[in-house]
Amino acid sequence: MSRFEKIFGTIPSVEAAAPGRVNLIGEHTDYNGGFVLPMPIPRTCRVQLRIRGDDRVRVSSANQGGDMREYRLGSEKPLGDWLDYIQGCTALLSRQGQSLTGFDAFIASDVPLGGGLSSSAALDVALLRALRAAFRLPLSDLDLARLGQRIENEFVGARVGIMDPLVASLGRPGFALFVDTRELTWRQIPIPEQAEFVILDSGVRHRHSAGDYNTRRSECEQACRDLGVSQLRELGREDLSRIESLPDPLRRRARHVVTENDRVLQAVSALEAGDLHRLGRLFDESHASQRDDYEVSVPEIETLIALAHDEPGVIGRRLTGGGFGGSIVLLTIAGRGQELGQRIAEAYSRRAKGVSLPARTQITPLVVGRSA
Ligand code: ADP
Ligand code: MG
């Protein structure tokens, strides 16, 4: 008997899934109207669902102990926990005039929660896909991404940009999704055959609804007011001298966003030219900017980055995701990622014994490339 059957006493009628993602470059640029370059990873959130005849929503997540939670459609209100993602979804769909009834849903994800690989957008999009199928909702993949962002902004209280739900909804395995978040246009960029990316999870967990992420966002808004622009996207490297006149830390926050946008554009051309060394340099510059200017790194991430610098086969390395913990992504030659990643993971685990690293001492590298 499946877990769904055990919990709900019936079988699901719909199943849907959506992937997590690794952001190759372009961090904290999406809510500034800038550029991002994420790609989906072979880790997914899966949702099984069955429509009910009444207005009760019952939901259980294997990642949250499996207990059944329940509410009635129309009575959604934020509670400050994971049920907000589900409540936000039904509240927003109802507000848009989509007709729903209650349902039973079971969620199971192998995207690490709070690991910088966007478990939340995988959940948003997987649930929206399941509801679209079950209720035959006339929603496009772009609609799902926009709804995913609104669930987090309006219901969960995480002021995230469009990147994560967009790549969860539109991403294709083996391709990076180059997105202009102001114009809301995108292009699928094939990963060169000779490249491979390795993701290593520090084990340090963040919650995007919990403060620091939103603080960075407010700092960007303040920098915009001081500079007289509506979005930092409007500025380029030629404006860096103006940015220098801002008070600290706004100066560094704005400098990160402006230089990072430029690095995304350069990374796209490096990928298209198959120039891995140029891409690697951009990774390293992006990491330094996140660490020094945007201040979203933490000591455990710096340990991983330092270990990755000790490996000659690593071409570039950077913190990926919103930061304050989470994962790093390395660039290497195809076929070498698993072995390199394993060595760095082992060295990191050994350090964890002496230094105050998180309990999670055994990390498994995740390798993605053209064929993964
Ligand atoms: P990230 O998206 O980088 O993993 P977030 O802080 O944005 O980190 O989202 C993590 C939160 O999303 C979790 O704390 C939890 O509330 C929710 N979440 C993600 N996946 C699941 C899941 N499978 N089941 C229940 N809640 C989930
Ligand atoms: Mg998230």
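Since this is a predicted model, take the numbers as computed values, not measurements. Start at 1 and go down the list; that is how both ligands and their atoms are numbered.
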Student: How does S120 reach ligand 1, by side chain, by backbone, by both or by neither, if only non-hydrogen atoms under 4.0 Å count?
Tutor: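 The answer is both, backbone and side chain.
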Student: Below 2.8 Å, can you find an N, O or S atom of S120 next to the Mg ion (ligand 2)?
Tutor: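 Of the N, O and S atoms in S120, at least one lies under 2.8 Å from the Mg ion (ligand 2), which means yes.
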Student: State whether the shortest distance between N or O atoms of G114 and N or O atoms of ligand 1 falls below 3.5 angstrom.
Tutor: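 Checking ligand 1 against G114, an N or O pair does fall under 3.5 Å apart.
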Student: Let me know which of R56, R58, R52 forms a salt bridge (charged side-chain N to carboxylate O under 4.0 Å, His left out) with E70.
Tutor: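 The residue from R56, R58, R52 that satisfies salt bridge (charged side-chain N to carboxylate O under 4.0 Å, His left out) with E70 turns out to be R56.
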Student: Using a 4.0 Å heavy-atom cut-off, say whether P112 meets ligand 1 through its side chain, its backbone, both or neither.
Tutor: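 P112 to ligand 1: backbone contact only, side chain stays beyond 4.0 Å.
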Student: For ligand 1, which atoms, with element, lie under 4.0 Å from some heavy atom of S109?
Tutor: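 Per the distance check, 23 (N).
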Student: Ignoring angles and geometry beyond distance, decide whether Q64 reaches within less than 3.5 Å of ligand 1 through its nitrogen or oxygen atoms.
Tutor: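 Between Q64 and ligand 1 (N or O atoms, distance only) the closest approach is under 3.5 Å.
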Student: Which atoms of ligand 1 have any heavy atom of L123 under 4.0 Å away?
Tutor: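 Listed by number with element: 18 (N), 21 (C), 26 (N), 27 (C).
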Student: Measure from the side-chain N and O atoms of D84 to the backbone N and O of G80, and report whether any donor-acceptor pair falls under 3.5 Å.
Tutor: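 Flag set: sc D84 to bb G80 pair under 3.5 Å.
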Student: Any sub-3.5 Å donor-acceptor pair from H28's side-chain atoms to G322's backbone N or O?
Tutor: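 Confirmed, H28 side chain pairs with G322 backbone.
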Student: Could you list which atoms of ligand 1 come closer than 4.0 Å to a heavy atom of S61?
Tutor: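 Those atoms are 22 (C), 23 (N), 24 (N), 25 (C).
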Student: So, is the end of the R370 side chain (NZ or CZ) under 6.0 Å from the ring centre of F175 and within 45° of the ring's axis?
Tutor: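 Ring-cation test returns yes.
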Student: For D248, is there any backbone N or O sitting under 3.5 Å from a side-chain donor or acceptor partner on R253?
Tutor: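 A pair under 3.5 Å: no.
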Student: For ligand 1, is G116 a contact, meaning one of its heavy atoms is under 4.0 Å away?
Tutor: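 Heavy atoms of G116 do come under 4.0 Å of ligand 1.
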Student: Hey, are R278 and S269 close enough side-chain-wise for a donor-acceptor pair under 3.5 Å?
Tutor: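 A pair is found: one side chain offers a donor N or O, the other an acceptor, under 3.5 Å apart.
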Student: Within less than 4.0 angstrom of ligand 1, does S118 place any heavy atom?
Tutor: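 Distance cut 4.0 Å: S118 passes for ligand 1.
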Student: Measuring centre to centre across the rings, with the benzene-like ring taken for any Trp, is F103 within less than 6.0 Å of F8?
Tutor: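 No - the distance between ring centres of F103 and F8 does not fall below the 6.0 Å cut-off.
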